[in-house]
Amino acid sequence: MDKELTEPRKLDHIRIALEEIVDMSKEERWFDSVELLHNPLPDSSFDEVDLTTEFLGHKVSAPILIEGMTGGHKAAKRINEELAKAASRFGVPIGVGSQRAALEKGELAHTYRVVREIADNVPVIANLGISHVLGSNGVDNAKRAVDMIEADAIAIHLNPLQEVIQPEGDRDLRDGLISIRDLVRELDVPVIVKEVGSGIGPGVAKLLDYVGVYAIDVAGSGGTSWALIEGERAPDRSKERTASNVYKKWGIPTPAAILSVSEAIERAKLIGSGGVRNGLDAAKCIALGADMAGAARPFLKAAVEGKHEAVVSLLNDYSYQLKIAVFLSGAKSIPQFRKMKNYLLLEPLASWVRRLLI
Ligand SMILES: Cc1cc2nc3c(=O)[nH]c(=O)nc-3n(C[C@H](O)[C@H](O)[C@H](O)COP(=O)(O)O)c2cc1C
């Protein structure tokens with residue numbers, strides 16, 4: 001792919017992602033089809049409810065992850081700085097966006113590395129797309145991405161919908177599973193596999209679990225729509241633009257992905273993301289079987305509009321609201337809350353789950 005295209009593309013993504021129209025959570029709230037059951041007599045003290053969670057060998061303050069989004073440009077560096085300050089202050093893990101730009105142009109590495117430099121007390125996650133780790137350079141690319149930011153883990157994103165709507169997208173995705181297996185074998189850090197908004201279902205999750213990934217981040221539908229983001233970049237009346245609207249809701253709804261994947265896997269940790277828009281959504285992720293809940297666009301918006309203070313404030317909101325759900329379920333800790341499976345499912349989500357459970 002042409003090097004010149006990567007940088008402006010990352011800026012386009014940020015600009016378009018800030019527009020409400022690409023956030024499906026405005027029109028399709030899958031988390032509203034999950035209810036948590038109320039316990040009016042919790043045998044606990046709210047102040048003692050413990051949200052701390054073990055993730056990538058760290059004890060983090062809450063099971064919340066700032067999902068990988070950006071890097072590769074000086075404006076992106078400023079966003080990464082604000083996100084990293086907030087992650088460090090609050091004590092939650094943080095990912096960077098795809099590091100492809102810096103693999104192509106080494107002088108951009110600092111726009112990602114800033115996250116490691118600032119967030120030195122929390123797990124930092126490197127990021128590459130599956131197409132950058134296919135073939136004979138795959139392991140080397142991944143090693144360079146990890147070393148570039150001294151990452152605690154690397155997330156490999158699966159984004160076939162985005163690639164086919166993106167006019168310059170990588171469309172030959174053969175041998176992806178083998179490449180992931182090789183990364184698990186060859187890298188010194190754990191491998192996370194994530195989608196970007198269309199979800200990972202139980203069949204693929206089982207394969208990923210089998211090859212030994214550390215975590216699966218379902219990144220399901222119901223949040224940021226990559227079909228719409230790429231569609232906005234495509235020329236008016238192009239086939240890509242038309243298809244982007246047709247496919248804007250494509251994918252496995254996040255809560256259905258979490259529940260079905262949690263039943264299918266044995267070893268990997270599970271991250272629920274895609275449309276997690278408040279702490280109650282995060283609580284629903286955990287109740288359905290996730291170890292962590294992640295969000296992207298809400299943190300991006302906060303960072304751009306109100307710097308790290310706004311991101312910290314949003315993290316505070318998420319964590320306070322999550323704590324309320326744990327307390328009102330009668331649990332005292334995240335592992336206990338997760339084990340309770342304190343949810344019920346409404347239609348149309350329940351049909352999704354019936355179909356997905358294998
Ligand atoms: C502006 C923006 C840029 C993103 N860039 C990346 C990326 O480079 N790599 C990646 O794995 N995911 C990327 N994502 C996807 C998110 O990590 C996440 O999986 C997805 O957006 C779902 O979260 P949300 O609904 O809370 O936004 C990006 C998301 C946004 C909003």
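Every number for a ligand or one of its atoms is a count from 1 in the order of the listing. Below, each value reflects all heavy atoms present in this structure, side chains not excepted, and no hydrogens, waters or symmetry copies.
- Using a 4.5 Å heavy-atom cutoff, the side chains of Leu36 and Leu280 are in contact.
- For Met24, the heavy-atom gap to ligand 1 stays at 4.0 angstrom or more.
- For ligand 1, the polar-atom distance check against Ala219 finds no nitrogen or oxygen pair separated by under 3.5 Å.
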*Just do the side chain to side chain contact (heavy atoms under 4.5 Å, CB included) check on Arg144 and Asp140 with the steps written out, would you?*
CA-CA 6 Å; Arg144 286 168 59 208; Asp140 188 49; 3.8 Å; yes

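- Ion pairing between a basic and an acidic side chain is recognised when a charged N comes within 4.0 Å of a carboxylate O; Arg89 and Glu309 show no such pairing.
- At least one heavy atom of Trp226 sits less than 4.0 Å from an atom of ligand 1.
- Residues Met292 and Lys269 have side chains not in contact (no heavy-atom distance under 4.5 Å, counting atoms from C-beta outward).
- Residue-ligand proximity, Arg277 to ligand 1, at heavy-atom distances under 4.0 Å covers atoms 24 (P), 25 (O), 26 (O), 27 (O).
- Atom OG1 of Thr242 sits about 9.5 Å away from atom CD1 of Ile165, to the nearest 0.5 Å.
- Looking at Gly68, Ser25, Gly72, it is Gly68 that brings a heavy atom closest to atom 13 (C) of ligand 1.
- Distances from ligand 1 to the non-hydrogen atoms of Gly197 include no value under 4.0 Å.
- Assignment of Val196 to the shell around ligand 1 is supported, since a heavy atom sits closer than 4.0 Å.
- The shortest separation from a heavy atom of Asn127 to ligand 1 is under 4.0 Å, placing the residue in contact.
- At a 4.0 Å heavy-atom cut-off, ligand 1 touches Ser98 through backbone and side chain alike.
- Atoms of ligand 1 found under 4.0 Å from any heavy atom of Gly223, numbered from 1 in the order shown, are 25 (O).
- Here Leu300 has side-chain heavy atoms under 4.0 Å from ligand 1, and that is the only part of it that gets that close.
- At least one N or O atom of Ala296 sits closer than 3.5 Å to an N or O atom of ligand 1.
- Interatomic distance, CG of Leu349 versus CZ of Arg29, reported as 12.0 Å (0.5 Å rounding).
- Gly275 counts as a contact of ligand 1, since one of its heavy atoms falls under 4.0 Å from the ligand.
- The pair Glu81-Lys85 does not count as a salt bridge, with every side-chain nitrogen at least 4.0 angstrom from each carboxylate oxygen.
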_I'd like to know whether Asn39 forms a side chain to side chain contact (heavy atoms under 4.5 Å, CB included) with Leu41, so could you lay out the CA-CA distance, the side-chain angles of the two residues, the decisive distance to 0.1 Å, and finally the verdict._
CA-CA 6 Å; Asn39 176 345; Leu41 191 61; 3.9 Å; yes

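- Ring centroids of Tyr318 and Phe90 are separated by 6.0 Å or more, keeping the two rings apart.
- The part of Lys194 lying near ligand 1 is the side chain, judged by heavy-atom distances below 4.0 Å.
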